[in-house]
Visitor: 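First, the structure itself, so that you have it in front of you.
Atom set for the values below is all heavy atoms of this structure, side chains included, hydrogens, waters and symmetry mates excluded.
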Amino acid sequence: LKPSTAWKPRRELHGRAAVPSLRGGAAARSMDLPRLSGYLWAEGVVMMFLSRARPLLAVLGMLLLGYAHAQPVLDRVRTARALKVCIWPEYYGVTYRHPRTQELSGIDIELAAALAADLNVRVEYVDSSFPTLVSDLVEDRCDVAMFAVGVTAQRAEKLRFTQPYLRSDIYGITTKSNQVVREWSDIDKPGVLVAVQSGTFMEPVMEQRLKHAQLVRVKLPATRERELVAGRVDVFMTDYPYSRRLLDNADWARLIAPAEPFSVLPYAYAVKPGDAQWLAVVDEFVSRIKKDGRLNNAASKHGLGPIVVR
C-alpha cells in the first residue's frame with residue numbers, strides 16, 4: 001500500500017484519547033517507539049486501576065451512606081433540636097386527635113412533651129400506626145414511638161423496648177342490643193364473628209386462642225366500631241385504653257371483661273435497634289417519670305390509672 005503523506009491521529013473507540021497510528025508515513029517512521037510504548041503501558045495501568053477500584057469505591061460509598069444513616073439518634077435530636085415522636089392519632093386516652101378540633105390529647109402526648117423538655121428540644125408528632133410502626137422507626141421517620149406499644153415477640157424481633165409503663169388485658173366490646181354475645185364465654189362459639197384491628201397485638205392472640213368463632217381482620221380505613229354497628233361482626237377485641245373511648249362516648253357500647261386474666265400485655269416505648277445509647281436515654285426517662293409522679297399524674301388525668309406499671 002502507498003504510504004500516507006500526512007499523519008493524523010486515529011481516534012479510538014469509546015471516546016478515549018487518540019493514540020498515534022503506526023501505519024506508514026514519514027512522521028510515523030520518525031516516532032519514538034519507546035516513548036509510545038510507555039504511553040500505552042501507562043494508559044493500561046490507569047484503566048486497570050479504575051476497573052479494579054470501581055467496586056471498592058462503590059463499597060466505600062455504601063459504608064459512608066450507612067454511617068450517615070446510622071448516626072446516633074441522640075446526636076440527631078440534639079443537632080435538629082427536635083424530637084420526632086411517632087403516635088397513632090386514633091388511640092383514645094393515649095395519643096388521640098380530636099376529629100373536630102384536631103387537638104392532640106392523651107397520656108403519651110403529655111409524656112412525649114415531657115421527654116422533649118428533659119432533652120431541651122421541641123417535640124414533633126409524626127402520625128403512625130401499628131402496621132407501619134416498624135418501618136417508621138427503622139427508616140428514621142421518627143426517633144421514638146410513644147403510643148402504648150404492646151411488647152410482643154414479633155415486634156421485639158425488629159424493635160427495642162424500654163421497661164413497661166402500662167399493661168392491659170384484652171376486652172370485648174359489643175352493642176347493648178346484641179343477643180349473641182352477652183358474656184365472655186359467648187365469644188368463642190360457632191357462628192360468632194370476632195373482629196380485631198389488623199396490626200394490633202390482639203390479632204395474633206385471638207388467632208391462636210379462638211377455636212370455634214370466626215376471626216375477622218379489619219384493615220384501615222375501616223374500623224371495628226363501624227363493623228360492629230353495621231352488624232357485620234358480633235364483638236370486637238380491644239385493650240383497656242381503647243375501651244374507654246367507647247364507654248365514654250358511645251351509649252350503645254357494652255364492655256365484655258374476661259372472668260380471669262386472658263392475655264395481659266406490657267406496654268412500652270419503642271426505638272429502632274442498633275442504638276443502645278438512645279434506648280438507655282428513653283428507658284431512664286421512664287424510670288424518672290415513675291419516681292417523680294409524672295406517670296401517675298398523666299395516667300390519672302386520662303383515665304388510665306388502673307393499668308399503670310409502677
Visitor: For the pair Arg232 and Glu227, find out whether any cationic side-chain nitrogen is under 4.0 Å from an anionic carboxylate oxygen.
Guide: yes
Visitor: Going hydrophobic residue to hydrophobic residue with side-chain gaps under 4.5 angstrom, can you get from Val205 over to Leu255?
Guide: yes
Visitor: Asp143 side chain to Lys84 main-chain N or O, any donor-acceptor pair under 3.5 Å?
Guide: yes
Visitor: As an exercise, state the distance from CD of Glu90 to OG1 of Thr223, rounded to the nearest 0.5 Å.
Guide: 8.5 Å
Visitor: I'd like to check Leu279 versus Thr162 (side-chain heavy atoms, cut-off strictly below 4.5 Å). Are they in contact?
Guide: yes
Visitor: Is the Phe262-Tyr171 ring centre distance short of 6.0 angstrom?
Guide: no
Visitor: Using the side chain to side chain contact (heavy atoms under 4.5 Å, CB included) rule, take Met146 and Val94 through it: C-alpha gap first, then chi angles, then the decisive distance, then the call.
Guide: CA-CA 9 Å; Met146 299 180 71; Val94 179; over 6 Å; no
Visitor: Kindly give the heavy-atom pair with the smallest separation between Tyr240 and Pro306, and that separation in Å.
Guide: OH-CG, 3.5 Å
Visitor: For Tyr91, is the NZ or CZ atom of Arg245 found under 6.0 angstrom from the centre of its six-membered ring and inside 45 degrees of the ring axis?
Guide: no
Visitor: Roughly how far apart are Ser168 OG and Phe201 CZ, rounded to 0.5 Å?
Guide: 5.5 Å
Visitor: Please examine the side chains of Thr238 and Arg224, heavy atoms only from C-beta on, and report whether any two atoms are closer than 4.5 Å.
Guide: yes
Visitor: Tell me the closest heavy-atom pair linking Leu265 and Gly150, and the distance in Å.
Guide: CD2-CA, 3.5 Å
Visitor: Indicate yes or no for a side-chain donor-acceptor contact from Arg81 to the backbone of Asn120 under 3.5 Å, with no hydrogens or angles considered.
Guide: yes
Visitor: Side chains of Asn296 and Arg310: does their closest heavy-atom pair fall under 4.5 Å?
Guide: yes
Visitor: I would like to know whether Asp108 and Thr95 meet side-chain hydrogen bond (donor to acceptor under 3.5 Å, both in side chains); could you show each step before the answer?
Guide: CA-CA 6 Å; Asp108 282 335; Thr95 52; over 6 Å; no
Visitor: Under a 4.0 Å N-O cut-off, is there an ion pair linking Asp188 with Arg209?
Guide: no
Visitor: How far does CG of Leu119 sit from CZ of Arg78, to the nearest 0.5 angstrom?
Guide: 7.0 Å
Visitor: How long is the straight-line distance from OG of Ser129 back to CD1 of Ile87, given to the nearest 0.5 Å?
Guide: 11.5 Å
Visitor: Between CD of Glu110 and CG of Leu295, what distance do you get to the nearest 0.5 Å?
Guide: 10.0 Å
Visitor: Show the numbers, then the answer: is there a side chain to side chain contact (heavy atoms under 4.5 Å, CB included) between Ile173 and Glu225?
Guide: CA-CA 9 Å; Ile173 294 288; Glu225 301 95 301; over 6 Å; no
Visitor: Apply the hydrophobic cluster definition, ILVMFWY joined by side-chain contacts under 4.5 Å directly or through others, and give me every member besides Tyr92.
Guide: Tyr96
Visitor: Is a side-chain N or O of His98 found less than 3.5 angstrom from the main chain of Arg100, in a donor-acceptor match?
Guide: yes
Visitor: Check whether any side-chain heavy atom of Arg294 lies under 4.5 Å from a side-chain heavy atom of Asp118, and answer yes or no.
Guide: yes
Visitor: Please report the closest heavy-atom contact between Gln197 and Ala222, naming both atoms and the distance.
Guide: NE2-O, 3.2 Å
Visitor: Walk me through whether Ser135 and Arg141 qualify under side-chain hydrogen bond (donor to acceptor under 3.5 Å, both in side chains).
Guide: CA-CA 8 Å; Ser135 61; Arg141 283 190 282 273; 3.3 Å; yes
Visitor: Using side-chain heavy atoms (C-beta onward) and a distance below 4.5 Å, is Arg182 in contact with Thr174?
Guide: no
Visitor: Please give me the minimum heavy-atom distance between Ala145 and Leu137, naming the atom from each residue.
Guide: N-CD2, 3.8 Å
Visitor: Under 4.5 Å between any side-chain heavy atoms of Phe147 and Leu133, yes or no?
Guide: yes
Visitor: Would Lys272 and Asp275 pass as an ion pair if we require N to O under 4.0 Å?
Guide: no
Visitor: First locate atom CD of Glu183, then atom CZ of Arg254, and finally report the distance between them rounded to the nearest 0.5 Å.
Guide: 9.5 Å
Visitor: Please find the pair of heavy atoms, one from Leu83 and one from Ala112, that lie closest to each other, and give the distance.
Guide: CD2-O, 4.2 Å
Visitor: Do you know which two heavy atoms are closest between Ile289 and Leu111, and how far apart they sit?
Guide: CD1-CD1, 4.0 Å
Visitor: Which is it for Ile170 and Asp239 under the side chain to side chain contact (heavy atoms under 4.5 Å, CB included) test, yes or no, and what are the steps along the way?
Guide: CA-CA 5 Å; Ile170 292 178; Asp239 63 355; over 6 Å; no
Visitor: Salt bridge check: are Lys176 and Asp251 linked by an N-O gap of less than 4.0 Å?
Guide: no
Visitor: Quick check on the hydrophobic clustering: are Val134 and Val126 connected, directly or via other members, by side-chain heavy-atom contacts under 4.5 Å?
Guide: no
Visitor: Answer yes when Asp248 and Arg244 have at least one side-chain N-carboxylate O distance shorter than 4.0 Å, and no when they do not.
Guide: yes
Visitor: Kindly state each residue pair satisfying ring-ring contact (aromatic ring centres under 6.0 Å, His included) with at least one member in residues 265-291, sequence neighbours excluded.
Guide: Tyr165-Tyr269
Visitor: Strictly below 4.0 Å, N to O, side chains only: are Glu157 and Arg155 in salt-bridge contact?
Guide: no
Visitor: What do the steps show when you test Glu203 against Arg217 for salt bridge (charged side-chain N to carboxylate O under 4.0 Å, His left out), and what is the final call?
Guide: CA-CA 7 Å; Glu203 183 179 9; Arg217 295 174 175 83; 2.8 Å; yes
Visitor: Start with the C-alpha gap between Gln163 and Lys290, add the side-chain angles, then the distance that decides, and say whether side-chain hydrogen bond (donor to acceptor under 3.5 Å, both in side chains) holds.
Guide: CA-CA 11 Å; Gln163 59 186 288; Lys290 287 182 177 182; 3.1 Å; yes
Visitor: Quick check: is Leu220 connected to Tyr242 through a chain of hydrophobic side chains (ILVMFWY, heavy atoms under 4.5 Å apart)?
Guide: no
Visitor: Is Gln214 close to Val192 at the side-chain level, that is, under 4.5 Å between some pair of heavy atoms?
Guide: no
Visitor: Between Gln208 and Pro204 (side chain of the first, backbone of the second, donor and acceptor by atom type, cut-off under 3.5 Å), is there such a pair?
Guide: no
Visitor: Would you say Val151 ends up clustered with Val149 if hydrophobic residues are merged whenever their side chains have heavy atoms under 4.5 Å apart, either directly or through other cluster members?
Guide: yes
Visitor: Please indicate whether Gln102 has more than 12 foreign heavy atoms, meaning atoms of other residues, nucleotides or ligands, lying under 6.0 Å from its CD.
Guide: yes
Visitor: Does a side-chain heavy-atom distance below 4.5 Å link Lys189 with His212?
Guide: no
Visitor: Would a hydrophobic clustering, with Ile, Leu, Val, Met, Phe, Trp and Tyr connected at side-chain separations under 4.5 Å, put Val309 with Ile107?
Guide: no
Visitor: Apply side chain to side chain contact (heavy atoms under 4.5 Å, CB included) to the pair Phe161 and Val271, showing each step before the final yes or no.
Guide: CA-CA 6 Å; Phe161 289 94; Val271 299; over 6 Å; no
